[in-house]
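Read the structure below first, then the notes.
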Amino acid sequence: MLPAKLTLALNDQFNNELQAAHAYTAMAAYFSKKGYHGFANFYLVQSQEEHQHAMKFYHYLAAMDEKPVLQALNEPKNHFERALDVLESSLAQEKDVTSNIYALVTLAGELQEHATLSFLDWFIEEQTEEEKTFRDLITRMKQIEEGGEYFLKMDDEFAERKL
Ligand SMILES: [Fe+2]
Ligand SMILES: [Fe+2]
């Protein structure tokens, strides 16, 4: 068992990760429609990763004899102006998740819940990586905005991404 307040916060993050998966699938759909299948693949894998994050919370709650409770998903952003818009939305989303994780760490610390602190360590590192991924992609995209050829090469490269 965990303190009720911590259980609620962990359960919210379980649902936030599912929401992130939902949002990334919408981004994949944007690229599929545009015919950028590499980018679509990249975002579908990203969505699967977020689902795996959600399941880490699911299994942690279950292991602590708490019940994961599913909440309604919000409609994600479905309309984008261009690829850069998608990447910037992705970075903004990751920054939000980082704040949520930090708030969870603060709460677990206040409650002296060491097992939860240890569980959350992985997410702190993951968020650093996720933010870096999108920050680097935004930089690259801005650098190649005029170069259509290079953009296509990047699309081919993304097609190789595997889970
Ligand atoms: Fe995540
Ligand atoms: Fe993420």
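Indexing begins at 1, ligand by ligand and atom by atom, following the structure's order. Heads up: numbering here begins at 1 and tracks the sequence. These figures come from a predicted structure and were not determined experimentally.
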Would you call the rings of Phe119 and Phe57 parallel, tilted or perpendicular, where under 30° means parallel and over 60° means perpendicular? perpendicular

According to the interplanar angle, ranging from 0 to 90°, do the rings of Tyr43 and Phe31 count as parallel (below 30°), tilted (30 to 60°) or perpendicular (above 60°)? parallel

Test Gln13 against Glu17 for side chain to side chain donor-acceptor pair (under 3.5 Å), laying out the working first. CA-CA 6 Å; Gln13 192 56 30; Glu17 299 286 349; 3.0 Å; yes

I'd like to know if the Fe ion (ligand 1) has an N/O/S atom from Glu126 within less than 2.8 Å of it, counting both backbone and side-chain atoms. no

Looking at every heavy atom in both Arg161 and Asn41, which two are closest together, and how far apart are they? O-ND2, 3.2 Å

Is the distance from the Fe ion (ligand 2) to some N, O or S atom of Glu49 under 2.8 Å? no

Return yes when at least one N/O/S atom of Glu50 is nearer than 2.8 Å to the Fe ion (ligand 2), and no when none is. yes

Could you pull out the atom name of the N/O/S atom in Glu130 that is nearest the Fe ion (ligand 2)? OE2

Say whether, by atom type as modelled, one donor and one acceptor occur between the side chain of Asp65 and the main chain of Ala63 under 3.5 angstrom. no

For N/O/S atoms only: which one belongs to Glu17 and is nearest the Fe ion (ligand 1)? OE1

Suppose we only allow N, O or S atoms; which atom of His53 ends up nearest to the Fe ion (ligand 1)? ND1

